[in-house]
Amino acid sequence: MDLRPLLAQLSDGLFHSGERLGSDLGLSRAAVWKQVEKLKAMGVEVHSVTGKGYRLPSALNLLCLEEIQRSLGADSPQWQQSLCVLFSVDSTNTEVVRRMRHGTDRYIVVADHQSVGRGRRGRAWVSPLGANIYMSIGWSFQSGIAALEGLSLVVAVLVVRALGHCGFHGITLKWPNDVLVDGRKLAGILLEVSGDVGGPCRVVIGIGINVRMPGAAAQQIDQPYTDLAANFGSKIDRNMIAAAMILELTRGLEEFERSGFSTFHSQWDDLDTYKGRMVELRAATTVTQGVVQGVDQSGGLILDTGDGVKVMAGGELHTTLRPVTGAAPHDS
Ligand code: BTN
């Protein structure tokens with residue numbers, strides 16, 4: 001069932017009668033109703049009013065390859081033929097892996113909907129249709145997995161840069177790569193690496209940006225979240241954001257290949273929400289408390305535990321109510 005034509009008809013945010021939609025799309029009214037129900041199941045808010053028909057709560061611009069290419073303009077990366085825009089996919093990360101099987105070095109997939117969006121730590125990434133941006137970029141590195149230190153932090157900086165180019169400011173970061181506005185998650189990044197420790201490897205970088213999260217979908221989110229519409233107003237062009245992301249990621253990953261995390265370090269520091277704050281880092285079997293001093297050259301989190309300074313490579317950061325000066329923090 002191809003739902004894109006129906007959603008495109010509804011995308012002006014105005015009322016459309018079932019009868020008119022049916023005749024425009026060559027469908028019976030019952031088939032239109034069935035497709036509307038399917039759109040709802042994929043996370044689209046569709047209002048239906050007797051005598052008036054169906055409409056979306058506001059206008060929507062679907063993701064579109066030509067629009068993204070137009071926004072890319074002359075700056076378009078040479079390998080942009082390896083860019084595809086999908087209406088719906090299981091996960092853009094998985095799709096990039098599928099498309100890179102045949103030996104492509106770089107590939108980008110952008111989608112309007114994910115049926116099995118993945119987050120970090122085995123979480124699901126709530127991915128309703130037509131509301132947000134789900135994109136993945138596959139990138140082959142020649143220098144081995146060790147040279148990827150700091151990459152996930154670099155990607156977070158690149159997301160903030162791209163959003164800044166689109167006029168969205170005041171965005172900060174939480175180690176290792178959560179993108180926040182006022183402490184609430186605006187975007188998430190998932191890196192999946194495969195390959196050799198010393199030889200070539202492939203990284204799939206998945207980025208989810210909340211643009212206009214519908215209320216029903218939001219109920220499935222289990223952490224404080226926000227979206228661009230709530231912070232910057234509702235006139236948001238997702239195609240323009242996707243293009244800005246593609247450009248910034250392309251330039252930034254090339255810069256990372258040349259010089260690693262070092263050239264991004266100071267910008268990361270400037271964006272760090274938690275610097276100087278008492279936090280708790282929860283790993284599989286340990287909880288470490290300390291004051292955030294920043295990150296080191298490899299992107300590790302530097303914590304002053306009161307019992308010495310430690311560099312932490314993994315774990316999930318939480319704020320604590322404990323004041324910065326006070327009882328000695330501890331490992332447990
Ligand atoms: C996180 O948990 O913070 C990471 C979320 C990453 C979500 C993105 S959406 C595009 C790509 N495809 C996925 O299945 N996940 C990533």
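For ligands, and for the atoms within them, numbers begin at 1 and follow the listed sequence. One is the number of the first residue; the rest follow in order along the sequence.
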**Asked** Does Lys185 have a heavy atom less than 4.0 Å from any atom of ligand 1?
**Response** yes

**Fill in**
The atoms of ligand 1 lying under 4.0 Å from a heavy atom of Thr92, numbered in the order shown, are 10 (C), 11 (C), 12 (N)

**Item:** Test side-chain hydrogen bond (donor to acceptor under 3.5 Å, both in side chains) applied to Thr263 and Glu255, step by step
**Value:** CA-CA 8 Å; Thr263 57; Glu255 185 183 340; 2.9 Å; yes

**Request:** Might you work through the side chain to side chain contact (heavy atoms under 4.5 Å, CB included) test for Ile171 and Leu186, ending with a clear yes or no?
**Result:** CA-CA 9 Å; Ile171 298 172; Leu186 176 74; 3.9 Å; yes

**Prompt:** Side chain or backbone of Ile189 under 4.0 Å from ligand 1, or both, or neither, by non-hydrogen atoms?
**Reply:** backbone

**Asked** Going by distance alone, is a donor N or O of one side chain under 3.5 Å from an acceptor N or O of the other, for Asp237 and Asn61?
**Response** yes

**Prompt:** Just distances here: any N/O of Ser91 and N/O of ligand 1 closer than 3.5 Å?
**Reply:** yes

**Message:** Checking a contact table here: which protein heavy atom is nearest atom 9 (S) of ligand 1, and how many Å away?
**Reply:** Gln114 NE2, 3.4 Å

**Asked** Where do Trp175 and Leu281 come nearest, in terms of heavy atoms and distance?
**Response** CZ3-CD1, 3.7 Å

**Prompt:** In terms of residue, atom name and distance, what is the protein heavy atom nearest to atom 5 (C) of ligand 1?
**Reply:** Trp125 CE3, 3.3 Å

**Between Tyr225 and Asp227: side-chain donor-acceptor atoms closer than 3.5 Å** = no

**Message:** With heavy-atom distances below 4.0 Å as the criterion, list the atoms of ligand 1 near Asn93.
**Reply:** 11 (C), 12 (N)

**Prompt:** What part of Ile207, side chain, backbone, both or neither, has a heavy atom within less than 4.0 angstrom of ligand 1?
**Reply:** backbone

**Message:** With heavy-atom distances below 4.0 Å as the criterion, list the atoms of ligand 1 near Gly208.
**Reply:** 7 (C), 8 (C), 9 (S)

**Prompt:** Could Arg118 and Trp125 be counted as a cation-pi pair, given that NZ or CZ must be under 6.0 Å from the ring centre and within 45° of the axis?
**Reply:** no

**Message:** Looking only at the side chains, is there a donor atom on one of Gln114 and Thr92 sitting less than 3.5 Å from an acceptor on the other?
**Reply:** yes

**Message:** Can you tell me if Met135 contacts ligand 1 (heavy atom of the residue under 4.0 Å from the ligand)?
**Reply:** yes

**Complete:** Among Glu95, Arg118, Arg120, closest by heavy atom to atom 6 (C) of ligand 1 is Arg118

**Prompt:** Have Ser71 and Asn239 got a donor and an acceptor in their side chains that come within less than 3.5 Å?
**Reply:** no

**Prompt:** For ligand 1, which atoms sit closer than 4.0 Å to a heavy atom of Gly117?
**Reply:** 14 (O)

